[in-house]
Amino acid sequence: MFKFVSNRACGYLSPEIRNISTKSSLIDTNKYLGDLLKLGRIDEAREVFDEMPKRDKFTYNTMLTGYANSGKLVEARRLFDDTPTKSAITWSSLISGYCKMGWEIESFYLFYEMQYEGYKPSQFTLGSILRLCSIKGLFSRGEQMHCYSVKTSFDMDVFVITSLIDLYAKCLRLVEAEYLFRGMSKGKNHVTWTAMLNGYSLNGDAIGAIECFRGMRAEGIEANQYTFPGVLAACAADSDLGFGAQVHSCIVHGGFGANVFVQSALVDMYTKCGDLCSARKVVDSMEFNDAISWNAMTVGYVRQGFPEKALSLFTKMHEKNMELDEFTYPSVLNSIALMKDMKNGKCLHSLIIKSGFESYTLVSNALIDMYAKINNLDCAYKIFNFTAEKDVISWTSLITGYAHNGCHLEALKVFCKMRLDGTDPDRFVAASILSSCAELALLNIGQQVHANSLKTALDTSLSVNNSLVSLYANCGCLEHAKKVFNSMEIRNVISWTALIVGYAQNGKGIKSLQFYEKMVASGINPDYITFIGLLFACSHGGFIERGRYYFSSMVKDHGIKPGPDHYACMIDLLSRSGKMQEAEDLLNKMPVEPDATIWKALLAACRVHKNIDLAKKAAKALFELEPQDAAPYVLLSNIYSSIGKWDEAASVRRLMKSKGVGKEPGRSWIEMNGKVHAFMSEDRSHLNAEEIYLKVDEMIMKIKEVGYVPDMNFALHDINEENKERGLAYHGEKLAVAFGLLNVSIGAPIRIYKNIRVCGDCHNAMKFISRVYDRYIILRDSNCFHHFKEGMCSCGDYW
DNA sequence: CTAGGGTTAG
């Protein structure tokens with residue numbers, strides 16, 4: 001499809017040079033010497049130089065430049081010292097050699113020594129020094145050189161200005177670069193244009209770079225192999241496939257299609273614009289198997305969701321005996337992580353060890369990530385420990401690895417270690433750890449991370465802010481969540497979904513739906529998870545018609561196929577509002593097999609509506625789907641006991657015991673001054689247990705006076721009434737609220753967290769407590785939030 | 001005057 005014209009340099013020898021060996025003048029020999037050096041035949045040049053009977057200053061300068069350009073600086077220095085009559089050019093040649101090798105101290109020393117000795121640096125010397133500053137990021141040094149060039153009137157020289165433009169652009173001071181560029185009325189050459197173009201590209205100004213390319217062509221300046229990679233990178237950043245393809249055609253016309261830099265930039269542009277086919281055509285057309293292009297292609301396959309193709313490309317690279325580098329492995333490891341291919345993962349790991357790339361932080365980071373993603377945290381941790389030079393990404397990979405496997409506490413511990421280790425969080429790890437804090441509902445710690453990210457300017461990051469919204473929403477602080485959301489300059493579907501889910505969980509279903517409408521109005525499309533939030537809002541608010549509407553709109557208007565989560569919400573919505581038959585019908589006509597979440601929703605509704613037949617069916621399905629989960633046993637047993645069938649309840653409990661299923665014990669906790677105070681039912685392990693129990697007794701007495709009646713349905717042991725009532729009084733959430741009344745200052749909300757659903761009697765008691773003690777109580781259980789205020793709950797008793 | 005990579009959020 002594409003035609004490439006080779007533009008690679010080919011050797012030449014002019015006729016005058018070929019017959020030089022016999023007899024020649026000094027001028028001819030000097031020229032011959034120069035040509036040999038230009039072709040990189042430095043050893044032959046040295047022989048010629050050594051055998052020359054007579055040498056002049058051109059001979060010395062030519063040889064010195066040759067040494068300097070090929071990086072032979074020791075030889076260059078020796079020759080410099082041996083040069084009988086030095087000129088400014090002698091100095092300049094050596095300095096340019098040092099600059100090219102990045103030897104800062106030597107370069108600057110020579111630059112000053114030269115002036116001390118009375119030689120005036122030329123614009124070329126200045127250019128070399130400026131180039132050094134730009135490579136090394138020595139911005140203030142570069143600025144000094146800028147001043148020097150003004151003083152010496154070299155600031156009108158194209159070479160110097162071009163170097164300055166490059167310097168300012170590399171130091172991310174695009175304004176200065178632009179100023180200099182605009183100030184050049186004429187005389188801009190292709191290097192100047194290219195420097196400016198690459199400056200835009202580097203500074204993330206894709207439009208600027210593309211405009212620059214257009215301007216350059218408008219002035220009739222030809223682009224070259226240095227220009228194309230920059231403009232292609234801009235097309236990639238802007239996802240401008242159309243313009244990228246036009247540039248490709250310019251490249252072919254200009255005869256630059258066989259340059260590896262240009263080719264790899266083309267591959268990169270096509271993959272980033274999503275045109276994998278064209279990218280692959282470029283790769284396949286290449287004469288030279290360039291690892292960089294193949295690497296870019298591999299990344300493209302992984303990013304667009306074709307991990308198998310990435311892996312097969314890697315196999316091909318391996319078969320071709322291509323020289324792999326540390327950039328090759330991460331994307332391959334990534335594709336293995338996507339496929340959860342443990343076997344190939346192990347193979348690749350041993351290959352990495354064999355080829356010695358394990359010591360590259362880049363590679364070991366990708367290994368940590370891969371093992372974490374295929375749920376092998378032990379291996380991930382081992383590699384992390386063996387990583388000699390850990391960077392913030394090593395820590396992030398491990399931390400998110402723990403988080404994604406549900407080990408949020410472990411993630412938090414590693415995060416603390418990271419801080420002690422002296423590594424500063426970046427936006428990635430901040431977003432990740434904030435979401436772990438949200439998951440654990442650790443408001444205090446989350447706020448510390450928030451404060452820290454304000455200090456380090458991470459609060460401009462979209463993902464950090466998204467995490468903050470869900471942190472505050474997950475801790476019941478909707479005002480804070482809203483505040484963060486309002487402060488955001490850019491919002492995406494994740495930001496809106498976090499808010500929608502947050503408001504829904506906190507019992508503000510109507511607001512939640514309003515946010516959805518606002519989101520759609522602002523032109524952002526909902527996705528799979530947005531609809532889970534919406535349907536959750538409907539089921540918790542009891543908005544049956546709304547729920548039905550969104551469920552059908554999801555498919556009709558947005559082309560999203562409902563998944564198990566959506567069906568679970570719908571079945572929850574129908575069954576909770578008592579439409580058990582309709583729920584069962586939906587269950588039967590679902591295109592996918594119902595999963596555990598769906599059965600659990602149904603079972604929970606059976607608990608409320610005391611539908612024993614359906615409950616038995618749901619529980620049976622759950623026993624098979626998740627044999628180790630205690631929840632269905634407990635729910636079924638609770639349903640039996642709530643209708644007084646104690647024998648059946650007990651037999652379910654026995655069944656559970658015989659299968660060796662352990663119930664997750666109910667736990668309620670309050671976080672205070674960075675410490676967590678946890679309470680189980682009838683728990684006396686707290687240091688101030690006595691005081692807390694006294695407070696509970698007082699609490700129960702006071703609320704009974706205003707109408708609280710203990711609901712024995714939630715006392716689930718078949719024991720006598722008086723003991724039942726006492727057991728009920730000392731449920732974990734009641735102990736926690738007593739602790740809160742004693743320790744949380746007046747006016748501040750009492751925040752209680754519970755790992756399982758709140759008990760119905762406790763829910764009722766909380767309403768009375770909030771009124772009698774005039775306190776704001778926020779209780780988050782495993783299902784949603786309950787904001788108790790003045791005797792009412794935000795869930796409207798519908799949960 | 002020029003290229004490729006790994007980590008994030010609901």
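Here is how names work: the chains are called A, B, and so on, in the same order as the sequence lines, proteins then strands, and each is numbered from 1.
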Original post:
Going by ring centres under 5.5 Å and near-parallel planes (under 30°), is A/F261 stacked on B/dT2?
Top reply: yes
**OP:** Name every residue in residues 163-171 of chain A that has at least one heavy atom under 4.0 Å from any atom of DNA chain B, in order of residue number, or write none if there are no such residues.
**Re:** A/D166, A/K170
Original post:
For A/E439, which residues count as a salt bridge (charged side-chain N to carboxylate O under 4.0 Å, His left out) partner, sequence neighbours excluded?
Top reply: none
**OP:** With the side chain of A/D426 defined as its heavy atoms from C-beta on, choose the nearest nucleotide among B/dT7, B/dT8, B/dG10.
**Re:** B/dT7
Original post:
A/N289 CG to B/dA3 C1': how many Å, rounded?
Top reply: 17 Å
**OP:** Tell me which nucleotide among B/dG6, B/dT2, B/dT8 gets nearest to the side chain of A/N198.
**Re:** B/dT2
Original post:
What nucleotide among B/dT7, B/dG6, B/dG10 has an atom nearest to a side-chain atom of A/T396?
Top reply: B/dT7
**OP:** List in chain and number order the residues that pass ring-ring contact (aromatic ring centres under 6.0 Å, His included) with A/H190, two or more places apart in sequence or in another chain; answer none if no residue qualifies.
**Re:** none
Counting only pairs under 3.5 Å, give me each side-chain donor-acceptor contact of residues 370-377 of chain A, with atom names and distances, residues two or more places apart or in other chains.
unit_1	atom_1	unit_2	atom_2	d
A/Y371	OH	A/H349	ND1	2.9
A/K373	NZ	A/D369	OD1	3.2
A/K373	NZ	A/D369	OD2	3.1
A/N376	OD1	A/C379	N	3.2

Original post:
Is there side-chain contact between A/D426 and A/V429, with heavy atoms separated by less than 4.5 Å?
Top reply: yes
**OP:** Please work out if A/S331 contacts a base, only the sugar-phosphate, or nothing of the nucleic acid, heavy-atom cut-off 4.0 Å.
**Re:** nothing
Original post:
Which part of the nucleic acid, if any, lies within reach of A/N492 when heavy atoms closer than 4.0 Å are counted: base, sugar-phosphate only, or nothing?
Top reply: base
**OP:** Would you kindly give the CD-to-P distance between A/E222 and B/dT2, to the nearest whole Å?
**Re:** 20 Å
Subject >> A/D527 side-chain proximity, nearest of B/dT7, B/dG10, B/dG6 >> reply: B/dG10
**OP:** Establish whether the base of B/dA3 is bridged to the side chain of A/S264 by a donor-acceptor pair shorter than 3.5 Å.
**Re:** yes
**OP:** Identify, with sequence neighbours excluded, every residue that meets salt bridge (charged side-chain N to carboxylate O under 4.0 Å, His left out) alongside A/K309.
**Re:** none
Original post:
Between atom CG in A/L348 and atom C1' in B/dG6, what is the gap in whole Å?
Top reply: 14 Å
Subject >> More than 12 heavy atoms from other groups under 6.0 Å of CZ on A/R217 >> reply: no
Original post:
A/R491 near the nucleic acid: base, sugar-phosphate alone, or nothing, with a heavy-atom cut-off under 4.0 Å?
Top reply: nothing
Original post:
Is there a donor on the side chain of A/D391 or the base of B/dG6 sitting less than 3.5 Å from an acceptor on the other?
Top reply: yes
Original post:
side-chain hydrogen bond (donor to acceptor under 3.5 Å, both in side chains) with A/T328: which residues, sequence neighbours excluded?
Top reply: A/N295, A/D325
Original post:
Between B/dA9, B/dT7, B/dG6, which nucleotide gets closest to the side-chain atoms of A/F428?
Top reply: B/dT7
**OP:** Taking atom types as modelled, find out whether A/D290 and A/S293 have a side-chain donor-acceptor pair closer than 3.5 angstrom.
**Re:** yes
**OP:** Among B/dT7, B/dG10, B/dA3, find the nucleotide with the atom closest to the side chain of A/T530.
**Re:** B/dG10
**OP:** Looking only at side-chain atoms of A/P229, point me to the closest of B/dG10, B/dT2, B/dT7.
**Re:** B/dT2
Original post:
Does A/S463 make a side-chain donor-acceptor contact with the base of B/dT8, cut-off 3.5 Å?
Top reply: yes
Original post:
What's the closest nucleotide to the A/A498 side chain, out of B/dT8, B/dG10, B/dA9?
Top reply: B/dG10
